[in-house]
Amino acid sequence: MTPATPARRRTKGAPGSLRNSITLTWGLALALAAVLLPFYWLVVGATRSSAEIFDSPPPLTPGGHLLDNLQSLQDTAQFGRVVLNSLGIAAVYTLCAGTVCTLAGYAFAKYRFRGRDLLFGVLMLGLVVPGQVTLVPLFKLMGELEWLNTYQAVILPNLALPFGIFLMRQSMGTVPDELLDSGRVDGCGEFRLFVKVVLPPMRPALAALGIFLFLFQWNDFVWPLIVLRDSASLTVPVALASLKGVVNTDYGAILAGTAVAAIPMAVVFLALQRHFVSGLLAGAVKE
């Protein structure tokens, strides 16, 4: 009689567990629908004309004006060149800023030098100082260097990104010092030690850093708006903002451009997503 009691208890608890599972499933489904709905409306709006977008009730299925909207984008904003501009700037920035943040993070994590903690603390102040505070001095500096309306003015000022350095420092702090010491004893130089020993286990963190840097530069609006003057050298966010007119605005073209602008971000994230979460968590618990 005693063994039957736990079985009876488990039977009574099963309906409650099933109800909880069903509730959780429906809750997650509703949350997913709420997240995906704006993207679906973006696709619908990109294939509709401006007049159709403001119909009442609004259209819920894709239309046939995608090519017209893309042609309007090309005619008014040279959108093909603008996309290439943004891709080139974002790719170069990701490579250069990733290199700077990785080297700086390694130095802060594994080298002992006077004022290291103080310097790192000052650098971390960049996380709490609004970027708008630096716009005027940076603009004056770019003017003195005669870099206005150039791509280096967009790329160089944010290479030493505080968050990127912090992420890499925390990740590289998990590499055992004994492993580095044994490499030095075996005659491995510092650069080879960094490339052959430190970087391979840092792939998840590097993937997370690459996604963050690419999206940061791809979505940047204020700084390119300030330093880029020529319409042929604009980036995607600035070019899309320039399409909004005082009287008439082609919302179909703007939504089509926004949909096109989301494609590179989705490709980069999907290509590196399996490393993304583990890269962000790397170094979360540090000795």
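All of these numbers come straight from a predicted model, not from anything done at the bench.
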Contacts of Phe108 meeting ring pair (Phe, Tyr, Trp, His ring centres under 6.0 Å) (sequence neighbours excluded), chain-then-number -> Phe120
Interatomic distance, CG@Leu234 vs CZ@Phe79, rounded to 0.5 Å, equals 11.0 Å
Please collect all ring pair (Phe, Tyr, Trp, His ring centres under 6.0 Å) contacts where either partner lies in residues 30-56, sequence neighbours excluded, each pair once.
Phe54-Tyr251
Applying a strict under-4.5 Å side-chain criterion to I, L, V, M, F, W and Y, I'd like to know whether Leu103 and Phe212 cluster together.
yes
How many angstroms lie between OG1 in Thr76 and CG in Asp250, if you round to the nearest 0.5 Å?
7.5 Å
Please report, to 0.1 Å, the donor-acceptor pairs under 3.5 Å made by any side chain of residues 185-200, with sequence neighbours excluded.
{"unit_1": "Glu190", "atom_1": "OE1", "unit_2": "Tyr111", "atom_2": "OH", "d": "2.6"}
{"unit_1": "Glu190", "atom_1": "OE1", "unit_2": "Arg184", "atom_2": "NH2", "d": "3.4"}
{"unit_1": "Glu190", "atom_1": "OE2", "unit_2": "Arg184", "atom_2": "NE", "d": "2.7"}

Sidechain-backbone polar pair: Ser72 side chain, Asp68 backbone, donor-acceptor under 3.5 Å
no
Consider only side-chain heavy atoms of I, L, V, M, F, W and Y, link residues closer than 4.5 Å, and tell whether Leu42 and Phe221 are in one cluster.
no
Would the distance check show the side chain of Thr47 and the main-chain N or O of Gly63 forming a donor-acceptor pair, the cut-off being under 3.5 Å?
yes
The criterion is side chain to side chain donor-acceptor pair (under 3.5 Å); which residues satisfy it with Asp75, sequence neighbours excluded?
Gln71
Results of side-chain contact (heavy atoms from CB on, under 4.5 Å) for Leu32 - residues two or more places apart only:
Leu36
Is Leu145 linked to Ile89 within one hydrophobic cluster, defined over Ile, Leu, Val, Met, Phe, Trp and Tyr using a side-chain heavy-atom separation of less than 4.5 Å?
yes
Ala232: partners by side-chain contact (heavy atoms from CB on, under 4.5 Å), with sequence neighbours left out:
Gln78, Arg81, Asp230
Contact summary for Ala259 and Ala46, nearest pair of heavy atoms:
CB-CB, 4.2 Å
Go through it in stages, so that I can follow the logic: the residues are Thr235 and Leu225, the test is side chain to side chain contact (heavy atoms under 4.5 Å, CB included), and I'd like the CA-CA distance, side-chain angles, deciding distance and then a yes or no.
CA-CA 8 Å; Thr235 58; Leu225 176 66; over 6 Å; no
Test item: Thr102 side-chain N/O and Thr99 main-chain N/O as donor-acceptor pair under 3.5 Å:
no
Where do Ser86 and Trp218 come nearest, in terms of heavy atoms and distance?
CB-CZ3, 3.4 Å
Among the clusters formed by ILVMFWY side chains lying less than 4.5 Å apart, do Leu127 and Leu138 turn up in the same one?
yes
Identify, with sequence neighbours excluded, every residue that meets side chain to side chain donor-acceptor pair (under 3.5 Å) alongside Thr61.
Arg48
Which pairs with one or both residues in residues 138-148 pass salt bridge (Lys or Arg N to Asp or Glu O under 4.0 Å), sequence neighbours excluded?
none
Provide the closest heavy-atom pair for Ile53 versus Gly45 in the form atom of the first, atom of the second, distance.
CD1-O, 3.7 Å
Check Gly210 against Thr94 and note the closest heavy-atom contact, atom names and distance.
O-CG2, 3.8 Å
Would you mind listing every salt bridge (Lys or Arg N to Asp or Glu O under 4.0 Å) that reaches into residues 24-33, with sequence neighbours excluded?
none
All side-chain contact (heavy atoms from CB on, under 4.5 Å) counterparts of Arg112, not counting sequence neighbours:
Arg116, Asp177
Rounding to 0.5 Å, atoms CG (Leu123) and CZ (Arg169) come to a distance of 10.5 Å
CG on Leu240 to CG on Leu73, rounded to 0.5 Å
7.0 Å
Heavy-atom closest pair, residues Ala109 and Gly173
CB-N, 4.0 Å
Kindly compute the distance separating SG (Cys96) from CD (Gln217), expressed to the nearest 0.5 Å.
11.0 Å
With side chains defined as the heavy atoms from C-beta onward, is the minimum distance between Cys101 and Leu209 less than 4.5 Å?
yes
Please check if Leu95 and Phe216 belong to a single hydrophobic cluster, counting links between Ile, Leu, Val, Met, Phe, Trp and Tyr side chain heavy atoms closer than 4.5 Å.
no
Does a side-chain heavy-atom distance below 4.5 Å link Val44 with Leu60?
no
Name each donor-acceptor pair under 3.5 Å that joins a side chain in residues 150-168 to protein atoms two or more places apart or in another chain, with its distance.
{"unit_1": "Thr150", "atom_1": "OG1", "unit_2": "Trp147", "atom_2": "O", "d": "2.3"}
{"unit_1": "Tyr151", "atom_1": "OH", "unit_2": "Asn85", "atom_2": "OD1", "d": "3.1"}

Looking only at heavy atoms, the pair that brings Leu215 and Met265 closest together is CD2-CG, 3.4 Å
Between Val236 and Val83, is a side chain to side chain contact (heavy atoms under 4.5 Å, CB included) present by the stated rule, with each step listed?
CA-CA 6 Å; Val236 169; Val83 171; 4.1 Å; yes
Kindly compute the distance separating NE2 (His65) from OG (Ser50), expressed to the nearest 0.5 Å.
10.0 Å
Backbone N or O of Ala256 within a donor-acceptor pair of the Asn69 side chain at under 3.5 Å?
no
How would you list, by chain and number, every residue that makes a side-chain contact (heavy atoms from CB on, under 4.5 Å) with Leu135, sequence neighbours excluded?
Gln132, Val222, Trp223, Ile226
